[in-house]
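This report concerns only the one structure given below.
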Amino acid sequence: MKAGTKSRFRRYQLNKSSESILQKGHPWILSGNLSSAASIFKEGDWLALVSGSNQVLGFGIFSNSGPIGIRILQIGNEFSESKLRQTLEDALTRRKPLSEMTNAYRILHGENDGIPGITVDRYGKTWIVQVYSAGLEKLGRWCIRILQSLCSEVGEPKPVRILLLSPNRIGSGKTIRPRFLKGESELPIEEEIELRKIPFRVKLPGQKGGLFLDVRNLRSEFLNRPELVKDKQCAHLFCHTGFTSICMGEAGAKSILSADGSEDALLEFSNQFSSPTEGLENYGSKKDRFELKNSIQEFGNHSLVRADLFREWDFMENRKFGCIVLDPPNLAPNQKSVPGAKKAYKNLIQKCLQHLSPGGNLILLSCSGRLSESEFEKIGRQTLDSEGWSSNKITKLSPESDHPTKKEFPEGRYFKVHIYENCTQKTQQRS
């Protein structure tokens with residue numbers, strides 16, 4: 001895409017609505033805002049976006065599948081390769097402070113870093129590249145070449161392996177095996193990552209590429225403020241592969257009960273308690289460990305259990321916890337699902353309160369981008385109030401530097417962490 005880039009752009013005239021979207025800085029033009037003239041374009045066509053007076057306003061990449069019709073790459077009347085390089089250099093530079101405490105972070109965060117529809121995650125010596133539309137693959141490969149060339153300039157370690165995940169793995173269509181852009185290895189890959197010298201083995205590729213990197217702000221909060229969990233019996237619901245639970249233990253939790261619905265996630269979690277030589281090569285022999293639901297497996301002060309947390313919590317029995325972390329999956333994948341998501345959050349919070357000790361901490365997470373920060377807070381506050389609880393302090397964690405947000409792109413502010421501290425029942429307050 002380097003040589004002759006300018007000549008590859010096809011012209012598309014924006015209507016007034018789309019022109020306004022571009023000028024406001026939003027990175028998407030939805031398919032519903034495109035005119036019938038766009039029907040001639042193919043998936044992945046690079047477009048020069050022109051106004052009604054035929055002036056070039058910006059440049060984007062067309063998609064004929066999904067709700068996003070054009071992802072806007074640059075604004076202006078000239079496409080600049082040097083500007084693209086600077087955008088990527090800025091992204092790498094923002095991550096520099098993180099590299100001093102961890103070797104696992106998001107190098108490129110799509111639209112929020114100015115490169116729409118592409119993410120690049122570092123896990124130790126491996127980069128995981130995800131493109132969210134088949135037409136973005138050429139851009140993705142170009143960005144990877146630039147990022148590699150920038151590594152030595154900004155002090156970023158060059159990867160040994162780069163794995164590209166097919167867009168069809170994320171969306172619909174025929175599944176295509178992941179492809180290596182650099183290096184070769186048997187899949188899955190096992191990398192050892194660390195956060196503040198706390199080791200964790202991660203299997204690649206996994207859900208979201210390999211690990212929920214956005215939850216690092218909560219993991220760091222536990223390490224910075226151990227009083228949230230220290231000497232408490234804790235529960236982590238929807239624990240995935242358990243790195244957050246591990247950090248709770250490192251912060252001094254007396255015990256941690258971790259529950260998830262995925263056998264594979266819990267198996268990967270349980271392998272953290274084995275020596276490295278007893279990791280993935282024994283995957284098959286341990287596969288039935290979490291076959292039974294509601295059967296608790298003990299690993300020192302960690303207890304792991306597979307459960308359908310949307311239906312039954314029998315494994316909790318009558319236990320009370322000094323800290324409960326609730327981190328469900330995306331409950332609002334589309335706008336139509338938002339009312340149901342609000343109801344589901346409320347039900348889950350109500351169940352948590354039944355098991356929260358007086359004076360305990362309730363930590364609520366949401367990765368549902370269609371629920372705003374204020375809406376999520378409203379659900380939490382109203383549910384506590386209706387159940388007769390209150391909190392004397394609510395702490396909202398900001399995303400870390402590898403998950404930047406942009407005011408022009410509210411959809412990118414998807415991840416919320418709200419800590420309800422020192423929760424008490426109102427009857428106790430009156431007494």
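Numbers here are sequence positions counted from 1.
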Could you tell me whether the side chain of I193 reaches within less than 4.5 Å of the side chain of T102, counting heavy atoms only?
-> no
Can any side-chain N or O of N33 pair as donor or acceptor with the backbone N or O of S18 at less than 3.5 Å?
-> no
Exam field: side chain R106 to backbone D214, donor-acceptor pair closer than 3.5 Å | no
Considering all heavy atoms of both residues, which atom of L304 and which atom of L266 are nearest to each other, and what is their separation?
-> CD2-O, 3.8 Å
Just do the side-chain contact (heavy atoms from CB on, under 4.5 Å) check on V202 and T241 with the steps written out, would you?
-> CA-CA 8 Å; V202 61; T241 55; 5.9 Å; no
Might you work through the salt bridge (charged side-chain N to carboxylate O under 4.0 Å, His left out) test for E81 and R85, ending with a clear yes or no?
-> CA-CA 6 Å; E81 295 182 25; R85 184 180 179 87; over 6 Å; no
Donor-acceptor contact present, side-chain R319 to main-chain H355, <3.5 Å = no
Of D121, D113, D402, which is the lone residue that meets salt bridge (charged side-chain N to carboxylate O under 4.0 Å, His left out) with R95?
-> D113
Say whether, by atom type as modelled, one donor and one acceptor occur between the side chain of E408 and the main chain of P27 under 3.5 angstrom.
-> no
Would you say F243 and V215 make side-chain contact, with heavy atoms under 4.5 Å?
-> no
At their closest point, which heavy atom of K407 faces which heavy atom of R413, and how far apart are they?
-> CA-NH1, 3.5 Å
Kindly give the heavy-atom pair with the smallest separation between E43 and A134, and that separation in Å.
-> OE2-N, 3.9 Å
Just by modelled atom types, is the K393 backbone N or O under 3.5 Å from a matching donor or acceptor in the N422 side chain?
-> no
For residues N330 and Y414, is any side-chain donor paired with an opposing acceptor at under 3.5 Å?
-> no
Salt bridge (charged side-chain N to carboxylate O under 4.0 Å, His left out) assessment of R381 paired with E377 = CA-CA 6 Å; R381 285 182 180 274; E377 181 180 353; 2.7 Å; yes
Evaluate the ring planes of F376 and Y345, with Trp represented by its six-membered ring, and classify them as parallel (under 30°), tilted (30 to 60°) or perpendicular (over 60°).
-> perpendicular
Crowding at CD, E153 (>12 non-hydrogen neighbours, <6.0 Å) | yes
Step through the shown structure and confirm whether more than 12 heavy atoms of other residues, nucleotides or ligands are within 6.0 Å of NZ on K125.
-> no
Verdict with reasoning, F321 to C234, per side-chain contact (heavy atoms from CB on, under 4.5 Å) = CA-CA 5 Å; F321 300 89; C234 303; 5.5 Å; no
Residues L34 and G69: closest non-hydrogen pair is CD1-CA, 3.8 Å
Would you check if the side chain of K96 reaches a backbone N or O of G155 as a donor-acceptor pair within less than 3.5 Å?
-> yes
Kindly indicate whether the side chain of P328, heavy atoms from C-beta on, has any atom under 4.5 Å from the side chain of L348.
-> yes
Taking S303 for its side chain and I296 for its backbone only, find out whether a donor-acceptor pair lies under 3.5 Å.
-> no
Is a side-chain N or O of S368 found less than 3.5 angstrom from the main chain of L371, in a donor-acceptor match?
-> no
May I ask you to decide if K42's main-chain N or O and D45's side chain share a donor-acceptor pair within less than 3.5 Å?
-> yes
Under 30°, 30 to 60°, or over 60°: which ring-plane class applies to F269 and H302, parallel, tilted or perpendicular?
-> perpendicular
Are side-chain N/O atoms of S401 and R94 paired as donor and acceptor at under 3.5 Å?
-> no
Is it the case that E421 and T395 place a side-chain donor and acceptor less than 3.5 Å from each other?
-> yes
Fit a plane to each ring of H26 and F409, take the angle between them on a 0 to 90° scale, and name the class: parallel (under 30°), tilted (30 to 60°) or perpendicular (over 60°).
-> perpendicular
Assess the pair F212 and H240: is the distance between their ring centroids shorter than 6.0 Å?
-> yes
Determine the minimum heavy-atom distance between A307 and N294, stating which atoms define it.
-> CB-OD1, 3.6 Å
Answer yes or no: is there a donor N or O on one side and an acceptor on the other, between the side chain of Q272 and the main chain of R201, under 3.5 Å?
-> yes
Quick one: which residue pairs count as a salt bridge (Lys or Arg N to Asp or Glu O under 4.0 Å) with a foot in residues 327-348, not counting sequence neighbours?
-> K342-E375
Does the side chain of E221 pick up a donor-acceptor pair with the side chain of N217 at under 3.5 Å?
-> no
Aromatic plane relationship, W46 with W142 - under 30° parallel, 30 to 60° tilted, over 60° perpendicular | tilted
Could you go through the side chain to side chain donor-acceptor pair (under 3.5 Å) check for N271 and R289 one step at a time?
-> CA-CA 11 Å; N271 282 340; R289 178 176 283 169; 4.8 Å; no
Is it the case that more than 12 heavy atoms not belonging to K254 sit under 6.0 Å from its NZ atom?
-> no
To the nearest 0.5 Å, atom CD of Q148 lies from atom CD of E156 at 11.0 Å
Audit row: Q74, S80, side chain to side chain donor-acceptor pair (under 3.5 Å) steps and yes/no = CA-CA 8 Å; Q74 287 186 9; S80 170; 5.2 Å; no
